[in-house]
Amino acid sequence: GLAAPGAWAACRRIEGVTSFQVNLDMGTILIQPGTPVGTVLAIKRFHPVSTTHDIAECTNGGTIRHDYVQGVPVSGFSDVFSTDIQGVGIRIKFYSGDGLGANTAYYPILTTISGTRKVEMRATSFYDVEVIKTEAMTGTGPLATGRVARYFGDDNKDLGVIFVPANGITIVTPTCE
């Protein structure tokens with residue numbers, strides 16, 4: 001039979017487009033004894049691309065997602081996800097600068113697009129990444145190397161990846177004598 005209207009709705013990465021990678025090189029973060037739970041320990045802004053260009057094409061609408069690939073939501077916090085270091089969470093804010101849905105939003109983000117149009121990644125787009133104390137007891141060591149989050153369309157191909165490089169973020173919690 002005939003396909004239902006909208007059955008072919010999809011946002012797909014444009015052929016030949018290379019996904020961008022944001023490397024979270026935030027260095028060593030010292031957590032002083034007595035630092036309150038909920039403290040933003042570090043924040044850094046990342047501009048993933050230097051030139052504005054089309055990255056995806058949506059046909060008859062579709063969806064674009066920003067989602068974590070590691071961690072779970074931290075109870076009692078808004079938009080904070082766990083890391084592999086005890087008591088340390090991460091929050092990612094994306095500023096699209098392109099007028100698609102909310103200009104600024106925290107991961108995870110689902111943007112529903114209507115009609116047939118291209119999606120841009122702008123030179124003005126940025127990510128603000130926050131490292132947050134989420135528990136009284138915090139661990140020590142480097143965050144695991146690898147993907148933290150990704151940006152993708154209905155074809156599940158990466159448009160962008162948020163990545164922790166080796167020793168990109170190291171947490172130091174002094175032991176109490």
Side-chain angles (χ1 to χ4, degrees), residues 1-26 40 42-84 89-132 134 143-165 168-169:
L2 292 172
W8 301 107
C11 292
R12 296 180 183 86
R13 187 172 75 193
I14 293 170
E15 199 66 42
V17 167
T18 305
S19 66
F20 60 83
Q21 183 164 303
V22 173
N23 287 313
L24 301 185
D25 50 346
M26 296 175 72
V40 175
I43 182 167
K44 190 168 179 181
R45 179 164 292 179
F46 298 88
H47 290 272
V49 300
S50 54
T51 55
T52 298
H53 60 282
D54 294 330
I55 55 171
E57 192 160 30
C58 301
T59 307
N60 302 322
T63 56
I64 298 282
R65 294 173 187 271
H66 298 256
D67 217 345
Y68 287 91
V69 295
Q70 64 89 59
V72 294
V74 178
S75 172
F77 285 83
S78 188
D79 309 309
V80 178
F81 274 63
S82 63
T83 67
D84 58 310
I90 196 164
R91 180 164 53 199
I92 302 172
K93 180 170 75 175
F94 177 62
Y95 173 76
S96 64
D98 64 2
L100 268 186
N103 257 335
T104 308
Y106 288 101
Y107 269 56
I109 307 162
L110 170 62
T111 304
T112 302
I113 292 168
S114 54
T116 295
R117 57 167 297 180
K118 288 185 164 72
V119 176
E120 285 183 329
M121 189 67 189
R122 294 190 168 225
T124 51
S125 300
F126 62 79
Y127 290 90
D128 280 344
V129 178
E130 295 171 293
V131 177
I132 296 169
T134 59
L143 265 65
T145 302
R147 294 148 60 100
V148 174
R150 59 190 293 251
Y151 177 32
F152 58 99
D154 296 306
D155 59 358
N156 205 31
K157 291 181 180 170
D158 289 335
L159 300 171
V161 172
I162 311 267
F163 189 85
V164 175
I169 301 174

Apply the test side-chain contact (heavy atoms from CB on, under 4.5 Å) to residues Val148 and Ile92: give CA-CA distance (whole Å), side-chain angles for both, the deciding distance (0.1 Å), then the verdict. CA-CA 10 Å; Val148 174; Ile92 302 172; 4.3 Å; yes
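- Using modelled atom types and a 3.5 Å distance limit, the side chains of Arg65 and Asn156 yield no donor-acceptor pair.
- Judged as a side-chain contact (heavy atoms from CB on, under 4.5 Å), and not counting sequence neighbours, the contacts of Pro73 are Phe81.
- Contacts of Ala56 classified as side-chain contact (heavy atoms from CB on, under 4.5 Å), with partners at least two apart in sequence or in another chain: Ile64, Val119, Leu159.
- For Val40, the side-chain contact (heavy atoms from CB on, under 4.5 Å) partners at least two apart in sequence or on another chain are Ile43, Arg91, Glu130, Ile132.
- Residues forming a side-chain hydrogen bond (donor to acceptor under 3.5 Å, both in side chains) with Asp155 (at least two apart in sequence, or on another chain): none.
- One N or O on the side chain of Thr116 and one on the backbone of Asn60 form a donor-acceptor pair closer than 3.5 Å.
- Every residue meeting the salt bridge (Lys or Arg N to Asp or Glu O under 4.0 Å) condition with Lys44, not counting sequence neighbours, appears here in chain and number order: Asp25.
- Atom CD1 of Ile169 and atom OG1 of Thr83 lie 8.5 Å apart (nearest 0.5 Å).
- The residue from Thr112, Asp154, Thr111 that alone fulfils the side-chain hydrogen bond (donor to acceptor under 3.5 Å, both in side chains) condition with Thr63 is Asp154.
- Looking at every heavy atom in both residues, Lys118 comes nearest to Glu57 through NZ-OE2, 3.2 Å.
- Of the candidates Val161, Ile109, Ile55, Ile55 is the only one forming a side chain to side chain contact (heavy atoms under 4.5 Å, CB included) with Tyr151.
- Nearest approach of Pro108 to Asp67, heavy atoms of both residues: CB-OD1, 3.3 Å.
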For residues 45-54, which side-chain N or O atoms pair as donor and acceptor with protein atoms under 3.5 Å away, sequence neighbours left out?
from	atom 1	to	atom 2	distance (Å)
Arg45	NE	Asp128	OD1	2.7
Arg45	NH2	Asp128	OD1	3.4
Arg45	NH2	Asp128	OD2	2.9
His47	ND1	Ser125	O	3.3
Thr52	OG1	Ala123	N	2.9
His53	ND1	Thr51	O	3.0

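- In this structure, Lys93 NZ and Tyr106 OH are separated by 4.5 Å, a value rounded to the nearest 0.5 Å.
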For residues 11-24, tabulate all N or O donor-acceptor pairs below 3.5 Å that involve a side-chain atom, not counting sequence neighbours.
from	atom 1	to	atom 2	distance (Å)
Arg13	NH1	Asp158	O	2.8
Gln21	NE2	Asn23	OD1	2.9

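- Remark: Phe126 CZ to Phe94 CZ distance equals 9.5 Å, nearest 0.5 Å.
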